Amino acid sequence: MREPVGQDEYGSANPFDPDDLSTLNAMGPGVASNDFEKYAVAVIIVFGALIIGGLMAASLALGHRNGFLYALGGATAAWISGNALLLDRPRIYALFVGVAAVMLIASTVTLVI
């Protein structure tokens with residue numbers, strides 16, 4: 001019995017119709033299902049350009065050296081996490097996102113106090 005389009009015999013969703021081979025990528029369906037690159041670029045842009053750049057600029061403008069150094073450490077950790085995601089290392093990614101968040105919170109606290 002033929003299964004409905006989009007599902008295999010186990011009920012799992014399958015975006016590729018085996019009868020429509022003309023729409024498949026030349027490299028195969030496994031390559032197109034990896035979206036880590038999009039998320040890594042988003043992490044690098046959002047953390048690097050907007051949040052961390054603003055914290056670094058505010059720390060420099062107000063003369064808080066420690067806040068600047070925490071923001072610099074957060075920027076480095078976020079950059080490493082983006083690269084870890086590109087290399088398909090989700091645990092290292094999560095670790096460095098956590099490190100970046102802690103350092104950015106510390107930078108914010110030094111600006112407020």
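Position 1 is the first residue of the sequence, and the numbers go up from there. No experiment lies behind these values; they were computed from the predicted model shown.
- Y93 and L86 are not part of a single hydrophobic cluster, where members link through side-chain heavy atoms under 4.5 Å apart.
- Within the 4.5 Å cutoff, side-chain heavy atoms of L85 are placed close to those of Y39.
- When side chains are defined from C-beta on, L111 counts as touching S59, because their heavy atoms get closer than 4.5 Å.
- When every heavy atom of T110 is checked against every heavy atom of G67, the shortest pair comes out as OG1-CA, 3.1 Å.
- One finds the CD1 atom of I113 at 11.5 Å from the CG atom of N66 (value rounded to the nearest 0.5 Å).
- In the hydrophobic cluster analysis, where Ile, Leu, Val, Met, Phe, Trp and Tyr join through side-chain heavy atoms closer than 4.5 angstrom, M103 is grouped apart from V109.
- Under the 4.5 Å side-chain heavy-atom criterion for Ile, Leu, Val, Met, Phe, Trp and Tyr, V97 and I105 are members of distinct hydrophobic clusters.
- Across all their heavy atoms, I52 and A78 have their closest contact at CD1-CB, 4.1 Å.
- L104 and A71 make their closest contact through CD2-CA, 4.2 Å (heavy atoms, listed as atom of the first residue, atom of the second, distance).
- Note on V99 and I80: separate hydrophobic clusters, where clusters join Ile, Leu, Val, Met, Phe, Trp and Tyr whose side-chain heavy atoms are under 4.5 Å apart, directly or indirectly.
- Annotation: the span from L55 atom CG to Y70 atom OH amounts to 13.5 Å, rounded to 0.5 Å.
- Once rounded to the nearest 0.5 Å, the distance linking CG of L72 with OG1 of T76 reads 4.5 Å.
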